[in-house]
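Convention: sequence-line order gives letters A, B, ...; per-chain numbering from 1.
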Amino acid sequence: MPNYWLMKSEPDVFSIDQLQKQQTSLWDGVRNYQARNFMMKDMKPGDRVLFYHSNAKPPGVAGLATISKEAVPDPTQFNKKSEYYDPKAQADHPRWFCVEVAFAKKFNRLVTLDEIRKKKGLEKMLVIQKGQRLSIQPVTKKDFDIICKMGEGS
DNA sequence: GCCAACGTTGGC
DNA sequence: GCCAACGTTGGC
């Protein structure tokens, strides 16, 4: 049975269109322990993902992805030239992990944060809770399905 | 660009 | 282990 997630990305940095172009991508650069733990411990291949565009105008869910590989050490933590370089990470003791995601589909229309706020039944989604800024969040199947329908509508 | 909310760091 | 200072997120 798959789990359901919402993963945030700033479209200026990495968008659903880029994922579609390259089909798969490591979800690297996550530097938050709670988000890391979701990837390390809870995500497994086949899990479904709402691809959320944050810091966008407007922000919202742009499409769907699927977890294609379980977590591996995030290579950017060892790369001194990367903005995600972490001097405290050691090769034999990595600190950060990332899963691989595969493109699934781009919605016909963006499901905006504003619509999610107003939609009956989605009141409990973490993404609309005040102060919630975790970049990877668990989602219920019910909420996942509602968002999918909204994204496929006209 | 502002800033509320939250996470992390580091001195003690 | 506390907590002030600082950094980041992300909507607006």
Just the table, please: protein N/O against nucleotides 2-5 of chain B N/O, every pair under 3.5 Å.
residue : atom : partner  : partner atom : Å
B:dA5   : OP1  : A:Lys130 : NZ           : 2.7
B:dA5   : N3   : A:Arg133 : NH1          : 2.9

> Who are the side chain to side chain donor-acceptor pair (under 3.5 Å) partners of A:Asn79, not counting sequence neighbours?
Replying inline: none
Distances for protein N or O near nucleotides 8-12 of chain B N or O, under 3.5 Å:
none

> Do any pairs count as a salt bridge (charged side-chain N to carboxylate O under 4.0 Å, His left out) and have a residue in residues 78-97 of chain A, sequence neighbours left out, and if so which ones?
Replying inline: A:Asp86-A:Arg95
What pairs of donor and acceptor atoms, side-chain ones from residues 48-58 of chain A against any protein atom, are under 3.5 angstrom apart with sequence neighbours left out?
residue : atom : partner : partner atom : Å
A:His53 : NE2  : A:Ile16 : N            : 3.1
A:Asn55 : ND2  : A:Glu10 : OE2          : 3.3

>> Just the rounded figure in Å: distance from C1' of B:dG7 to CG of A:Asn37.
In response: 14 Å
> Can a donor-acceptor pair be found between the side chains of A:Thr76 and A:Asp74 at a distance below 3.5 Å?
Replying inline: yes
>> With a 4.0 Å cut-off on N to O distance, would you call A:Lys21 and A:Asp17 a salt bridge?
In response: no
> Which pairs, with at least one residue in residues 119-128 of chain A and sequence neighbours excluded, count as a side-chain hydrogen bond (donor to acceptor under 3.5 Å, both in side chains)?
Replying inline: none
> In terms of side-chain geometry, is the basic nitrogen of A:Lys44 or A:Asp47 positioned less than 4.0 Å from the acidic oxygen of its partner?
Replying inline: yes
> So, A:Asp145 and A:Lys149, do they make that salt bridge, N to O below 4.0 Å?
Replying inline: no
